[in-house]
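Since this is a predicted model, take the numbers as computed values, not measurements. Whatever order the structure lists ligands and atoms in, that order sets their numbers, starting from 1.
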Amino acid sequence: MCDSSNCFPLQSMETAKAETLCIFGTGDFGRSLGLKLLQCGYSVVFGSRNPNSSNLLPKGAETMSYAAAARMSSIIIIGVHREHYGFLPGLAEVLKGKTLVDVSNNLKINQYPESNAEYLAGLLPGCKVVKAFNTVSAWALQSGTLDASRQVFVCGDDAKAKEAVMDIARSLGLMPLDQGSLLAANEIENYPLQLFPMWRLPCYICAAFTVLIFLYCLVFEVFYPLTTTKEDTSYLIVMTIPNRVFPIVSLILLALVYLPGIIAAIIQLYRGTKYSRFPNWLDQWMLCRKQLGLVALAYAFLHAIYTLIMSLRYYVRWWSNNYLITQIKTNNTYPFSNYNAWLSDSYVALGILGFFFYVLLGITSLPSVSNAVNWREFRFVQSKLGYLTLVLCTAHTLVYGGDRFIYGAFYRWFLPPAFVLSLIIPCAVLVMKFILIVPCLDQRITRIRQGWERKSRTVCPGH
Ligand SMILES: Cc1cc2nc3c(=O)[nH]c(=O)nc-3n(C[C@H](O)[C@H](O)[C@H](O)COP(=O)(O)OP(=O)(O)OC[C@H]3O[C@@H](n4cnc5c(N)ncnc54)[C@H](O)[C@@H]3O)c2cc1C
Ligand SMILES: NC(=O)C1=CN([C@@H]2O[C@H](COP(=O)(O)OP(=O)(O)OC[C@H]3O[C@@H](n4cnc5c(N)ncnc54)[C@H](OP(=O)(O)O)[C@@H]3O)[C@@H](O)[C@H]2O)C=CC1
Ligand code: HEM
Ligand SMILES: [Fe+3]
């Protein structure tokens, strides 16, 4: 039973009571919305093909023919599928001048040449059509689990009609977002049909790098010893190789979050203006940086967990005990090396610091946090601290790898150790960023971003 606790009747109960809303269609959505409206203080009248047979309707709602119901309210919510709009033009007279709320969805993206709302406006030109509520599911309305779909995208050509519908959404405890004119209806109708649209590209990129790096490590850590010394190191597949793949992919993705910003700055410098669109691929890349960053953070978390439980592993314990016993047996001890102590503590410390800022980036991308800061603060964290995270994690890997990538002994079949792969893009991004923050270039970019434009080289004749 849904509770009416998350109703926010903006008007006092009396005036809301005075407001009668009409719902066409006594199906799932019509009934759920009707129930919610009643709980939030509206009076509801249903239009139905069979007014007497609809027994599932919420108590307190009246049911009558479509025409009679339409006369009862100035706002009519069309809880009918687009395919069944055919009867509506027959009600043109009684619907004239009224606000029709189109809540319909389609089964697939761009199913029709025009949006359902525009189709409805075409059927009834004398009415004011507003698109709304299509992103809210009947079940969520009934069960009160509105968290996921609290946002209601609204659009329409008549501002007053749109505002009235947004008020209804607010009093239902929903969050109306004005998307502009009825032209936006198509996008609003496509929205519920997409599955994590912004996460697809980042997940594909992450999956591709994960497979590539995994195969690389498999060749380097398992196939190479197996074919050269017949040694079976397949047990490394379970922990050691994942603890190479996760950090390496995380570092590469982190660099790919900041690379588009560099490319964008170079394009703006080259064009001498910010008033020209970035290429589409760069726009797409810039738009999914948040998701790319969060996927990278997830991998960094896995790396931190794998690393923290390293000492529990049989293989690690066997190795350290065996190393000790060998020293005793051969009666030679390896003197404490200050250099190694410095090296290993530094790279772990850099990893921990890098991870700290990484998590901070993740926290600021939570809507509740990002809504609490202004855009300068947000950009400071995301851009400045973001680069600090990249510097720390790159340094962590560089210090961990040390000078191993210089010596051939660490190469196998001419392949460098896997950590070298993770350093290519981050180092390139940091070097380019370092060049771009050189004062003469940085000032130029800042001026371009503030609207300065380099006069075009070709001057039109007569100017
Ligand atoms: C864990 C994690 C979470 C993240 N969460 C988010 C998130 O919630 N939201 C998000 O957006 N990103 C997020 N990111 C991605 C990244 O932190 C941000 O996109 C960050 O702003 C990128 O900074 P930048 O310096 O590369 O580029 P930006 O500061 O975005 O600038 C990119 C380019 O755009 C142009 N530009 C910038 N500002 C202007 C301007 N005012 N006028 C004209 N041109 C301009 C310039 O050419 C600039 O180089 C996240 C990353 C990680 C790792
Ligand atoms: N279900 C959901 O979660 C959501 C649905 N929507 C949209 O709401 C609208 C209604 O969806 P839903 O309630 O699930 O659909 P239902 O099929 O459950 O109900 C549709 C209603 O339309 C009326 N209707 C009028 N003419 C016809 C006709 N020729 N054939 C069939 N029904 C007709 C019927 O009411 P009667 O018999 O009383 O005339 C019927 O109950 C759709 O446009 C849908 O896209 C939007 C968001 C979520
Ligand atoms: C809690 C934080 C962290 C700790 C304690 C930590 C610790 C370690 C350790 C011990 C290793 C060596 C692993 C091995 O010998 O197999 C390592 C490797 C590595 N770490 Fe971290 N790290 C942390 C965070 C990070 C972060 C945030 C990144 C960047 C995304 C990162 C990237 C790497 C990379 C690329 C390697 C090399 C992997 C390889 O080639 O074996 N680490 N880290
Ligand atoms: Fe000119």
Heteroatom distance test (Tyr387, ligand 1): nitrogen or oxygen, under 3.5 angstrom
no
In Asp102, Asn116, Asn106, the residue satisfying side-chain hydrogen bond (donor to acceptor under 3.5 Å, both in side chains) with Arg82 is Asn116
Closest heavy-atom approach to atom 22 (C) of ligand 1 among Arg379, Lys433, Arg289 is made by Arg289
Pick whichever of Phe357, Tyr258, Phe378, Phe380 has a heavy atom sitting closest to atom 9 (N) of ligand 1.
Phe378
Before signing off on this row, confirm whether Phe87 and ligand 2 have an N or O atom pair separated by under 3.5 Å.
no
If we only count N/O pairs under 3.5 Å, is Arg244 in contact with ligand 3?
yes
Tell me whether ligand 1 is touched by Gly362 - counting only heavy atoms on the residue side and a distance under 4.0 Å.
yes
Show the atoms of ligand 2 that are less than 4.0 angstrom away from any heavy atom in Gly25.
23 (C), 35 (O)
Taking 2.8 Å as the cut-off, does an N/O/S atom of Cys393 lie below it from atom 21 (Fe) of ligand 3?
no
Answer with yes or no whether the side chains of Ser43 and Thr20 bring together a donor and an acceptor at under 3.5 Å.
yes
Would you check whether Leu254 reaches within less than 4.0 Å of ligand 3, judged by its heavy atoms?
no
Nearest non-hydrogen contact to atom 19 (O) of ligand 2 from the set Gly27, Pro51, Ala138, Ser32 belongs to Gly27
Ring centre gap for Phe419 and Tyr347 strictly below 6.0 Å
no
Identify which of Asp102, Asn106, Val103, Leu57 has a heavy atom lying nearest to atom 6 (N) of ligand 2.
Val103
Contact between Gln450 and ligand 1, counting heavy atoms under 4.0 Å?
no
Closest by any non-hydrogen atom to atom 3 (C) of ligand 3: pick that one out of Gly354, Ala349, Gly351.
Gly351
I want to confirm something. Looking only at heavy atoms, which of Phe24, Tyr85, Tyr66, Trp139 is nearest to atom 23 (C) of ligand 2?
Tyr66
With a cut-off of 4.0 Å, which atoms of ligand 3 are near a heavy atom of Leu251?
30 (C)
Report yes if Gly261 has an N/O atom closer than 3.5 Å to an N/O atom of ligand 1; otherwise report no.
yes
Any heavy atom of Tyr299 sitting closer than 4.0 Å to ligand 3?
no
Which is closest to atom 32 (N) of ligand 2 by heavy-atom distance: Arg49, His81, Glu189?
Arg49
Going by the closest heavy atom to atom 12 (C) of ligand 3, which one wins out of Tyr400, Phe301, Phe357, Tyr306?
Tyr400
